[in-house]
Amino acid sequence: MKTTVSSRKNVAPKHESHGEYEYLKYLILPKEGNQCTVAIMEIPPLKAAFPYHYHLGITEVFYIISGEGTVRTPEGERKVAVGDIIVFPPGAAGSHKIQNTSYTEPLRYVDFDTTSQPDVTVYPDSGKIGLIQGGKLTHVFKENSAVGYYEGE
């Protein structure tokens, strides 16, 4: 593994958009072969990056570099702005959703994540569970679709 020096200008962004959710993700340090992931996230005005969720296997840390928004956690919503650092531990205590509240400016933050292979995400509002393998969401299930351990054996 070598030292990485990069910039948002040197990375092609991944763009995702679905209804109230939209973001550009500049992946600076991918999960493959690393103990952490670093990305610069950009959320357009009045959008959120992801639904309210938490991870079972990783810690996420956001550092706000421009713009303003709100972050929802189990304690409620609070405003976030330039210079704020937000730490989301693994498990339900780390549940979060970040939203851009500006009508005109993007919200940008650096997203530092530890890694876990695989990682499991839980979406409390919709009752879903996601499986992340190799840094990619590979499967999403409804919690109520669980089956017994020996079913089908």
Side-chain angles (χ1 to χ4, degrees), residues 1 4 6-8 11 13-102 105-147 149:
M1 187 68 41
T4 300
S6 192
S7 163
R8 181 171 68 110
V11 178
K14 173 185 175 186
H15 179 245
E16 290 282 336
S17 181
H18 180 82
E20 69 181 86
Y21 303 100
E22 185 174 0
Y23 65 85
L24 290 169
K25 180 177 186 175
Y26 299 84
L27 187 58
I28 305 298
L29 185 64
K31 290 184 182 190
E32 294 82 28
N34 296 296
Q35 294 177 333
C36 71
T37 298
V38 179
I40 297 172
M41 300 293 294
E42 183 174 307
I43 306 173
L46 303 176
K47 298 286 186 172
F50 301 100
Y52 187 64
H53 71 283
Y54 62 89
H55 296 263
L56 293 180
I58 69 168
T59 298
E60 287 187 278
V61 179
F62 296 172
Y63 176 69
I64 309 297
I65 54 178
S66 68
E68 59 186 34
T70 59
V71 64
R72 176 185 166 201
T73 68
E75 291 79 38
E77 283 193 7
R78 66 169 285 184
K79 291 182 179 185
V80 293
V82 175
D84 287 345
I85 298 173
I86 315 150
V87 179
F88 306 107
S95 297
H96 63 281
K97 177 181 178 180
I98 191 163
Q99 173 97 32
N100 184 346
T101 56
S102 171
E105 301 296 322
L107 172 62
R108 291 186 184 99
Y109 59 96
V110 180
D111 180 357
F112 303 92
D113 300 343
T114 59
T115 59
S116 175
Q117 295 299 328
D119 182 26
V120 176
T121 54
V122 178
Y123 301 86
D125 291 346
S126 59
K128 295 183 299 194
I129 298 172
L131 178 62
I132 299 173
Q133 296 175 305
K136 294 177 178 42
L137 184 64
T138 59
H139 296 84
V140 179
F141 306 93
K142 292 294 271 183
E143 286 182 291
N144 62 7
S145 68
V147 297
Y149 179 73

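The closest side-chain heavy-atom distance from Ile98 to Asp111 is not below 4.5 Å. Residues Lys97 and Tyr21 form a side-chain contact, since some pair of their non-hydrogen atoms from C-beta on lies under 4.5 Å apart. Residues Ile132 and His55 form a side-chain contact, since some pair of their non-hydrogen atoms from C-beta on lies under 4.5 Å apart.
Put simply, CD on Gln99 and CD on Glu20 are 6.5 Å apart, with the number rounded to the nearest 0.5 Å. Going from atom NZ of Lys25 over to atom CD of Glu16 covers 9.5 Å, rounded to the nearest 0.5 Å. Interatomic distance, Ser145 OG to Lys128 NZ, rounded to the nearest 0.5 Å: 12.0 Å. Here the CG atom belonging to Leu46 is positioned 11.5 Å from the CG atom belonging to Leu107, to the nearest 0.5 angstrom.
Minimum heavy-atom separation, Val11 to Tyr26: O-CD2, 3.4 Å. For the residue pair Ile43 and Glu22, the shortest heavy atom distance occurs at CG2-O, 3.7 Å. When all heavy atoms of Tyr109 and Ala49 are compared, the closest pair comes out as OH-CB, 3.8 Å. Between Val80 and Ile86, the shortest heavy-atom distance links the atoms CG1-CD1, 3.6 Å. Across Gln133 and Thr138, no two heavy atoms sit closer than the pair OE1-OG1, 3.2 Å. A pairwise comparison of heavy atoms in Tyr123 and Pro51 identifies CD2-CB, 4.2 Å as the closest pair.
Ring geometry for Phe141 versus His139: interplanar angle under 30°, hence parallel rather than tilted (30 to 60°).
With hydrogens and angles disregarded, a donor-acceptor distance shorter than 3.5 Å links the side chain of Thr114 to the backbone of Thr59. The main-chain N or O of Glu105 is found under 3.5 Å from a side-chain atom of Asn100 such that the two form a donor-acceptor pair. Of the possible polar contacts, none joining the Asp113 side chain to the Thr37 backbone as a donor-acceptor pair under 3.5 Å is found. Of the possible polar contacts, one joining the Lys142 side chain to the Ser126 backbone as a donor-acceptor pair under 3.5 Å is found.
Partner of Ile64 under the side-chain contact (heavy atoms from CB on, under 4.5 Å) criterion, chosen from Asp84, Val71, Val110: Asp84. Across Phe62, Phe50, Tyr52, a single residue satisfies ring pair (Phe, Tyr, Trp, His ring centres under 6.0 Å) together with His96, and that is Phe62.
Between Arg108 and Glu42, at least one side-chain nitrogen of the basic residue sits less than 4.0 Å from a carboxylate oxygen of the acidic one, meeting the salt-bridge criterion.
His18 NE2: 12 or fewer foreign heavy atoms inside a 6.0 Å radius.
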